[in-house]
Undergrad: 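Have a look at this one.
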Protein chains: 2
Amino acid sequence: MVSNRLNAIKKFFHKHKRLPSYSEMLKLFNLSSKNAVFKIVQKLIELNFLKKESHKLAPTSKFFALPLVGLVKAGFPILAEENRDYLTLDEYLIGDPQSSFLLKVSGDSLIGLGIFDGDLVIIDKKDQATSGDVVLAQIDREWTLKILKKDGVKAYLEAANPKYPPFYPVQELEIFGVVKAVIRKFN
Amino acid sequence: MVSNRLNAIKKFFHKHKRLPSYSEMLKLFNLSSKNAVFKIVQKLIELNFLKKESHKLAPTSKFFALPLVGLVKAGFPILAEENRDYLTLDEYLIGDPQSSFLLKVSGDSLIGLGIFDGDLVIIDKKDQATSGDVVLAQIDREWTLKILKKDGVKAYLEAANPKYPPFYPVQELEIFGVVKAVIRKFN
DNA sequence: TGACAAAGTGAACGAAGGTTTACTATACTG
DNA sequence: CAGTATAGTAAACCTTCGTTCACTTTGTCA
């Protein structure tokens, strides 16, 4: 079975953060000829789990991706191997790694958007945003995470919690980044 | 500057899903001696961005990680280079890639937990769960995503939305997986 | 059962890999 | 400005890499 071999490679990658060489796959697969490995790799390339550029092996996106399914009441769609979508979290969530960072949310001012205390938020560093964006901003020298609203020329911040009133900047409102995604881990 | 070199390597990795070889780094850095590359790599290993095992180069977790900051009202903590935490999303979110998959949530039955329609949920495949877990389950042959409750011996499902009553299984309740995390992307 | 494809063995090969050594140019520092 | 660390050049080295070839074993199915 070729998928066992793929899993072994995935495990190796998970542990070492790189693909095994052919010699290492020999041990991994309990084989004794590099040619056997060569043929297996060839097959994995055909299946689009691996790729090669000028004799250098690399994983594809499919290699990392998790199956993505939708919930239909009738049947459990993951059972059907075909028609599956695949998604890599890092690729899905992070546009430019250079300008992204994570922020741990504190407070309940955004519960209306499903952003709770302790959640992790992915922020894209930039100083421009459009009305409705959740922004990391400095309002009158205080840092906060709120919804940006532009009312004509005036910009102000709003919570997603009826407990809090809108925040109008007395002096300045500087935007530092825009929230791209929320992540909450259970347990 | 060594961080420029690191960024070039990161870009290369992003594009090719593997590290460049020394010869490729030559072009990447516009150098003409492999020894120069050798020394740069040595430095990146000391800084713990790369590592080597039996002459094979590999990235470390730090290589992939995003800076993680907390929000303190006084100052903006990301400005301080030290005391930073780093986090890799894939590692953080996914325990065992083999038994994980993604599910697109439909419906509003879990809004109380901040799980909205259209959110992505990471599910760990297993048939056991403890009371309070959000589970993907089949109740009387219908698939659903709900909170598992164990009342003594009896198990039933509960929504996180006052609109819905608890669901007591008439015949059977089979657990398929447990929700490990929620992801919501904006825009 | 016999034929044929699939999977594996073993050895040989050139190319490319990372490493080392010795030397030069550039930049910093007291 | 002399002295010294830092960054880069150039060439040679052996190891390991991925590939190929010819052959054998195993499995499948008509």
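To find a chain, count down the sequence lines: A is the first, B the second, and so on, and within it residues start at 1.
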Undergrad: Write down the distance between CD (B/E53) and P (C/dG17), rounded to a whole number of angstrom.
TA: 18 Å
Undergrad: Would you say A/Q171 has more than 12 foreign heavy atoms packed within less than 6.0 Å of its CD?
TA: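 No, CD of A/Q171 has 12 or fewer neighbouring heavy atoms, counting only those of other groups under 6.0 Å.
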Undergrad: So for atom NZ, which belongs to A/K11, do other residues, nucleotides or ligands contribute more than 12 heavy atoms lying within a distance under 6.0 Å?
TA: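 Atom NZ in A/K11 is not crowded, with 12 or fewer foreign heavy atoms closer than 6.0 Å.
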Undergrad: Hey, does the side chain of A/S32 come within less than 4.0 Å of C/dG8's phosphate (OP1/OP2), counting only N and O?
TA: no
Undergrad: Specify the separation, in whole Å, of atom CG of A/L31 and atom C1' of C/dG10.
TA: 13 Å
Undergrad: Nearest whole Å is fine: how far is C/dG10 C1' from A/N35 CG?
TA: 10 Å
Undergrad: Which part of the nucleic acid, if any, lies within reach of B/K39 when heavy atoms closer than 4.0 Å are counted: base, sugar-phosphate only, or nothing?
TA: base
Undergrad: Whether the side chain of B/S21 and the base of C/dG17 hold a donor-acceptor pair under 3.5 Å is what I'd like checked.
TA: no
Undergrad: Is the charged tip of A/K125 near the ring of A/F101: under 6.0 Å from the six-membered ring centre and within 45° of its axis?
TA: no
Undergrad: So A/K34, base contact, sugar-phosphate only, or nothing? Heavy-atom distance under 4.0 Å.
TA: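 Contact class for A/K34: base.
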Undergrad: 5' to 3' on DNA chain D, which nucleotides open and close the contacts with chain A (atom under 4.0 Å from a heavy atom)?
TA: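 Nucleotide range with atoms under 4.0 Å of chain A: D/dC17 to D/dA22.
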Undergrad: Could you tell me how far apart B/F38 (CZ) and C/dC23 (P) are, to the nearest whole angstrom?
TA: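 My rounded result for the distance is 19 Å.
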Undergrad: When you look at B/K17 and A/E91, which way does the salt bridge (charged side-chain N to carboxylate O under 4.0 Å, His left out) test go after all the steps?
TA: CA-CA 11 Å; B/K17 305 214 180 303; A/E91 276 182 17; 2.6 Å; yes
Undergrad: Going by side chain to side chain contact (heavy atoms under 4.5 Å, CB included), name the residues that satisfy it together with B/A65, two or more places apart in sequence or in a different chain.
TA: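 So B/A65 forms a side chain to side chain contact (heavy atoms under 4.5 Å, CB included) with B/Y86, B/T88.
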Undergrad: With a sphere of 6.0 Å drawn around NZ of B/K150, does it hold more than 12 non-hydrogen atoms of other residues, nucleotides or ligands?
TA: yes
Undergrad: Could you check how far CG of A/L57 sits from P of C/dA15, rounded to whole Å?
TA: 21 Å
Undergrad: With respect to the phosphate group of C/dG17, does any side-chain polar atom (N or O) of A/K56 fall under 4.0 Å of OP1 or OP2?
TA: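 Indeed, a polar side-chain atom of A/K56 lies that close.
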Undergrad: With a 4.0 Å cut-off, would you call B/E24 and B/R18 a salt bridge?
TA: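 The answer is yes: the pair qualifies as a salt bridge.
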Undergrad: Can you check side chain to side chain contact (heavy atoms under 4.5 Å, CB included) on B/V182 and A/V182, steps first, answer last?
TA: CA-CA 8 Å; B/V182 204; A/V182 204; over 6 Å; no
Undergrad: For B/L50 and C/dG18, give me the distance from atom CG to atom P, rounded to whole Å.
TA: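 Going from B/L50 (CG) to C/dG18 (P), I get 12 Å.
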Undergrad: Think A/K43 has a side-chain N or O under 4.0 angstrom from the OP1 or OP2 of C/dA7?
TA: yes
Undergrad: Just by distance, do the side chain of B/K62 and the backbone of B/L47 share a donor-acceptor pair under 3.5 Å?
TA: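 Checking the backbone N and O of B/L47 against the side chain of B/K62, a donor-acceptor pair under 3.5 Å is found.
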Undergrad: Measure OH/A/Y22 against C1'/C/dG17 and give the value in whole Å, please.
TA: 15 Å
Undergrad: In which ranges does DNA chain C form stems of 3 or more consecutive Watson-Crick or G-U pairs, distances under 3.5 Å?
TA: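 If one scans DNA chain C for consecutive Watson-Crick or G-U pairs, the stems found are C:1-30 with D:1-30.
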Undergrad: Round to the nearest Å and state the distance from B/E24 atom CD to C/dA15 atom P.
TA: 18 Å
